[in-house]
K.L.:
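Pasting in a structure now, in structure tokens, and then I'll have a few things to ask.
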Amino acid sequence: MSIRLYSTLSRKLEELPPPPGPIRMYFCGPTVYARAHVGNARPFVVGMWLRNWLRANAYDTTLVHNITDINDKIYEAAPNASAKLAERATDWYLEDTGGLGLGMPDHLPRATEMVPQIVSFIEQLIATDHAYAVEGDVYFRVSRDPEYGRLSGQRPDQVEDQEPNPLKEDPRDFALWKANKPDEDTSWDSPWGRGRPGWHIECSVMAEELLGPAFEIHGGGLDLVFPHHENELAQSSALGHDFARIWTHNGMLRFTGEKMSKSLGNFVTLRDAIDEWGAQTLLVFFLTGHWRKPIDFSDETVAAAGTRADGFREVFRNPSEPAAESAWSGFEDALNDDFNTPEALAVMHGWRDHDLLLRALRVFGLESLAGDEAAPADLVEFAERRKQAREARDFEEADRLREEIERRGWEARDVAEAPGFRLVRRT
RNA sequence: GGCGCGGUGGCCGAGUGGUUAGGCAGAGGCCUGCAAAGCCUCGCACACCGGUUCGACUCCGGUCCGCGCCUCCA
């Protein structure tokens, strides 16, 4: 069975070419002006998992995940000090996503590293009449693109009115380059004067610089379909580039009934979530929902994911039972069919074969579930004493020791095999 | 107003025109000094109303409800 993914652009499942591809992927990363929240992690996680799965299937893959470090948001958050904030927030993002234990994408380009390429891209758009410069700004001419709206389904004439901007020929036009303003501490030289790139152009440029003018998959949050991705597509199409063939948009993370977002204030930072629940539980949590659907982040749903993670750990504490030769295909089919992780999880729960389970967990960066943490020496000693107490039928002492161990966050289990007990970290 | 997604058993969550999803929680049992873990057993679920069909949770139409985008947003 070949691998298929649902594409927003075609509104249907698209088949990937056979291995080794190549499959080049671009997943939209964050604008760095604050600590990332759990919802921001979803595209990162989905992108890394997809790359893992493709590699497991002998694909040659390249994953680009950008850092947008030039943006209105950053200037607003730190007037005259945006560069410093962007740098710090970039470090946070790398640290927090790194904490998930999934490794890193192949490239993490930053907008500030590609300004010359952005300028040259804009020059080409002007030269072909797809853009126009006015008073130090440059705008994309939406009316030149008869296909504008094909990704999002938005019709330009139906888009709600925006704040009027007298410099624009048409209110739907969007900025490619913005003239430097008083509170903005970063700016670059350009044919149109000092200034900096607009929002969407950096993604077109970073993607094409690293992946070429035509690549396989472009991912990102569902909230980026319009206008961000629509505009990326318009910019690149204007130069005759195919740009991305398959557009994957992950569903939003919901928290307290609504999309988790900084502007609504209903968010939990990724770092806090990792501290509270652990990376493994968080990853299993993401696994419980299909990537395209919204997923609810709540104590109940995350705790349930934690219990599932425990279930997998438990499998490795018990002897491996070889699975049928066909066992893998259920897992494979689930992931090949639009990367259906809830279905894949269901298949995995039936497995008692260590090698097989480990192979599957590896796809999701969860191979660490296979190894138990060693207990502190003093707890091992408690467990030894508990064992002796039990042998002496001093059950009061034995129970006291068990409670002591539990107070320290561990669980004492009596087992038949040597040494007669097992210490398991409680999660 | 425009574009789009969804409503499945206590909760999460796949899926299919007619056969068990799976997990979490809960009940009973085996095991245990008691536990824990594990194993076994247990749930007449598919928002509502019409229609198509021999038969629909699954297809079509409508209604209600929820969510996302149209403004910064993963």
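In what follows, chains carry the letters A, B, and so on, assigned in the order in which the sequence lines appear, proteins first and then strands, with residues in each chain numbered from 1.
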K.L.:
Under 3.5 Å, is there any donor-acceptor pair linking the side chain of A:D414 to the base of B:rC34?
P.N.:
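Side chain to base: pair found, below 3.5 Å.
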K.L.:
Would you check, one step at a time, whether the test ring pair (Phe, Tyr, Trp, His ring centres under 6.0 Å) holds for A:H218 with A:H229?
P.N.:
CA-CA 9 Å; A:H218 187 132; A:H229 289 168; 4.5 Å; yes
K.L.:
Take atom CD in A:E113; do more than 12 heavy atoms of anything else shown fall under 6.0 Å from it?
P.N.:
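Yes, the 6.0 Å shell around CD holds more than 12 heavy atoms from other groups.
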K.L.:
Expressed in whole Å, how much space separates the P atoms belonging to B:rC48 and B:rG10?
P.N.:
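Nearest-Å result for B:rC48 against B:rG10 at atom P: 13 Å.
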K.L.:
Looking at every strand, decide which applies to A:G29 at a 4.0 Å heavy-atom threshold: base, sugar-phosphate, or nothing.
P.N.:
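It contacts sugar-phosphate atoms only.
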K.L.:
What integer number of Å spans the C1' atoms of B:rU16 and B:rC59?
P.N.:
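Rounded to whole Å, the distance is 12 Å.
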K.L.:
Quick one: are the ring centres of A:H228 and A:F174 less than 6.0 Å apart?
P.N.:
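That pair fails the under 6.0 Å test.
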K.L.:
By nearest atom, which of the nucleotides B:rG38, B:rG23, B:rA74 is closest to the A:H349 side chain?
P.N.:
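Ranking B:rG38, B:rG23, B:rA74 by closest atom to the A:H349 side chain puts B:rG23 first.
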K.L.:
Just how far, in rounded Å, is C1' of B:rU71 from CG of A:L264?
P.N.:
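Taking CG of A:L264 and C1' of B:rU71, I get 13 Å after rounding.
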K.L.:
Look at atom CD of A:E391 and say whether more than 12 heavy atoms of other residues, nucleotides or ligands are closer to it than 6.0 Å.
P.N.:
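Counting other residues, nucleotides and ligands, CD of A:E391 exceeds 12 neighbours.
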K.L.:
Assign A:M348 to base, sugar-phosphate, or nothing according to its heavy-atom contacts below 4.0 angstrom with the strands shown.
P.N.:
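Counting heavy atoms under 4.0 Å across all strands, no contact is made by A:M348.
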K.L.:
Determine the Euclidean distance between corresponding P atoms of B:rG22 and B:rU41; express it in Å to zero decimal places.
P.N.:
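About 11 Å, rounded to a whole number of Å.
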K.L.:
Give one of base, sugar-phosphate or nothing for A:R292, where a contact means two heavy atoms less than 4.0 Å apart.
P.N.:
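The residue A:R292 makes no contact with any strand.
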K.L.:
Let's test your reading of the model: under 3.5 Å, does the base of B:rG33 pair with the side chain of A:D399 as donor and acceptor?
P.N.:
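Answer is yes: a donor-acceptor pair is held.
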K.L.:
Between B:rA21 and B:rG9, how far is it from one C1' atom to the other, in whole Å?
P.N.:
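Roughly 13 Å separates the two C1' atoms.
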K.L.:
When you get a sec, tell me which of B:rA74, B:rA25, B:rC34 is the closest nucleotide to the side chain of A:R386?
P.N.:
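My answer, after comparing the listed nucleotides, is B:rC34.
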K.L.:
Give A:G219 one of three labels, base, sugar-phosphate or nothing, depending on what nucleic acid heavy atoms sit under 4.0 Å from its own.
P.N.:
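It contacts nothing in the nucleic acid.
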K.L.:
Does A:Y6 or A:D296 map to a spot on RNA chain B nearer the 5' end, using the closest nucleotide for each?
P.N.:
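Its nearest nucleotide being more 5', the pick is A:Y6.
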K.L.:
When you measure from the side chain of A:Q154, which nucleotide among B:rG13, B:rA21, B:rC69 comes out closest?
P.N.:
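Between B:rG13, B:rA21, B:rC69, the one nearest the side chain of A:Q154 would be B:rC69.
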K.L.:
Mind checking if A:E411 touches a base, just sugar-phosphate, or nothing, with heavy atoms under 4.0 Å?
P.N.:
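If one applies the 4.0 Å heavy-atom cut-off, A:E411 turns out to touch the sugar-phosphate alone, with no base involved.
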K.L.:
Whether A:K293 contacts B:rA14 is assessed here as follows: a side-chain N or O lying under 4.0 Å from the phosphate OP1 or OP2. Is that the case?
P.N.:
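Indeed, a polar side-chain atom of A:K293 lies that close.
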K.L.:
Across the strands shown, which category fits A:T31 at heavy-atom distances under 4.0 angstrom: base, sugar-phosphate, nothing?
P.N.:
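Sugar-phosphate, backbone atoms only, no base.
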K.L.:
Using the C1' atom as the reference point in each nucleotide, state the distance between B:rG61 and B:rU52 in Å, no decimals.
P.N.:
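That atom pair is separated by 11 Å.
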K.L.:
Could you check whether A:G153 gets within reach of a base, just the sugar-phosphate, or nothing at all, counting any heavy atom under 4.0 Å?
P.N.:
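Sugar-phosphate, no base atom in range.
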K.L.:
Among A:D185, A:D183, A:T186, which one satisfies side chain to side chain donor-acceptor pair (under 3.5 Å) with A:Y75?
P.N.:
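Considering A:D185, A:D183, A:T186, a side chain to side chain donor-acceptor pair (under 3.5 Å) with A:Y75 is found only for A:T186.
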K.L.:
To the side chain of A:F395, which of B:rA74, B:rC72, B:rG33 is closest?
P.N.:
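Selected nucleotide (nearest to the side chain): B:rG33.
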K.L.:
Tell me the interatomic distance from A:D310, atom CG, to B:rA37, atom P, rounded to whole angstroms.
P.N.:
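Answer to the nearest Å: 9 Å.
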K.L.:
To the nearest Å, how far apart are A:F331 CZ and B:rG23 P?
P.N.:
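Atom CZ in A:F331 sits about 16 Å away from atom P in B:rG23.
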K.L.:
Would you mind classifying the nucleic acid contact of A:P43 as base, sugar-phosphate or nothing, using non-hydrogen atoms under 4.0 angstrom?
P.N.:
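Base contact - A:P43 has a heavy atom under 4.0 Å of at least one base atom.
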K.L.:
Taking atom P of B:rA74 as reference, at what distance in whole Å does atom CZ of A:F255 sit?
P.N.:
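To the nearest whole Å, that distance equals 17 Å.
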K.L.:
Below 3.5 Å, does any donor atom in the side chain of A:R422 face an acceptor in the base of B:rA37, or the other way round?
P.N.:
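A donor-acceptor contact between them is absent.
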K.L.:
Mind checking if A:A305 touches a base, just sugar-phosphate, or nothing, with heavy atoms under 4.0 Å?
P.N.:
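The residue A:A305 makes no contact with any strand.
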K.L.:
Using a 4.0 Å heavy-atom cut-off across all strands, classify A:H228 as base, sugar-phosphate, or nothing.
P.N.:
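It contacts nothing in the nucleic acid.
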K.L.:
Pick the P atom in B:rG4 and in B:rC11, then give their distance to the nearest Å.
P.N.:
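Taking atom P in both B:rG4 and B:rC11, they lie 31 Å apart.
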K.L.:
Does any donor atom in the side chain of A:Y132 or A:D173 lie under 3.5 Å from an acceptor atom in the other side chain?
P.N.:
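Yes, a side-chain donor-acceptor pair sits under 3.5 Å.
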K.L.:
Is any N or O donor-acceptor pair between the side chain of A:R402 and the base of B:rC34 shorter than 3.5 Å?
P.N.:
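Looking at the base of B:rC34, it does pair with a donor or acceptor on the side chain of A:R402 (distance under 3.5 Å).
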K.L.:
Using whole Å, what does the distance between atom P of nucleotide B:rG23 and atom CD1 of A:I295 come to?
P.N.:
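It is 18 Å, rounded to the nearest whole Å.
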K.L.:
Looking across every strand, which nucleic acid part, if any, lies under 4.0 Å from A:R313 by heavy atom: base, sugar-phosphate, or nothing?
P.N.:
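Result for A:R313 = nothing.
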K.L.:
Check whether any side-chain N or O of A:R352 sits under 4.0 Å from OP1 or OP2 of B:rC39, and answer yes or no.
P.N.:
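Answer yes for this pair, as a side-chain N or O of A:R352 is under 4.0 Å from OP1 or OP2.
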K.L.:
Centre of A:Y33's six-membered ring, under 6.0 Å away, within 45 degrees of the axis: is that where NZ or CZ of A:K262 sits?
P.N.:
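Verdict for A:Y33: a cation-pi partner in A:K262.
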K.L.:
Quick one: is B:rC69 close enough that its OP1 or OP2 comes under 4.0 Å of any side-chain N or O from A:K259?
P.N.:
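The answer is yes; a side-chain N or O of A:K259 sits under 4.0 Å from OP1 or OP2.
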K.L.:
Strictly by modelled atom types, are A:S2 and A:E15 linked by a side-chain donor-acceptor pair under 3.5 Å?
P.N.:
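Their side chains do contain a donor-acceptor pair, which is all the 3.5 Å distance test asks for.
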K.L.:
In whole angstroms, how far is the C1' atom of B:rC34 from the CD1 atom of A:I405?
P.N.:
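The answer, rounded to whole Å, is 15 Å.
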K.L.:
Using the C1' atoms only, state how far B:rG23 lies from B:rA35, rounded to an integer number of Å.
P.N.:
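Taking atom C1' in both B:rA35 and B:rG23, they lie 24 Å apart.
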K.L.:
Heavy atoms only, 4.0 Å cut-off, all strands: where does A:N340 land among base, sugar-phosphate and nothing?
P.N.:
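Counting heavy atoms under 4.0 Å across all strands, the contact made by A:N340 is with sugar-phosphate only.
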K.L.:
With a 6.0 Å cut-off on the ring centroids, do A:H349 and A:F312 count as close?
P.N.:
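Yes; A:F312 has its ring centre under 6.0 Å from that of A:H349.
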K.L.:
For RNA chain B, what is the dot-bracket line, given that a base pair needs Watson-Crick (N1 to N3, plus N6-O4 or O6-N4) or G-U wobble (N1-O2 and O6-N3) geometry with both distances under 3.5 Å, and | means paired with another strand?
P.N.:
(((((((..(((.....[...))).(((((.......)))))....(((((..]....))))))))))))....
K.L.:
Considering only atom P, compute the distance from B:rU58 to B:rG26 and round it to an integer number of Å.
P.N.:
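To the nearest whole Å, 33 Å.
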K.L.:
What is the separation between atom CZ on A:F297 and atom C1' on B:rC11, rounded to the nearest whole Å?
P.N.:
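Rounded to the whole Å, the gap is 17 Å.
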K.L.:
Using a distance-only test with no angle check, is there a side-chain donor-acceptor pair under 3.5 angstrom linking A:S204 and A:E232?
P.N.:
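Not at all, the side chains of A:S204 and A:E232 share no donor-acceptor pair under 3.5 Å.
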K.L.:
So which nucleotide from B:rA74, B:rG38, B:rC70 ends up closest to the side chain of A:P227?
P.N.:
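Selected nucleotide (nearest to the side chain): B:rC70.
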K.L.:
Taking atom OG1 of A:T341 and atom CZ of A:F331, what is their separation to the nearest 0.5 Å?
P.N.:
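CZ of A:F331 is found 9.5 Å from OG1 of A:T341.
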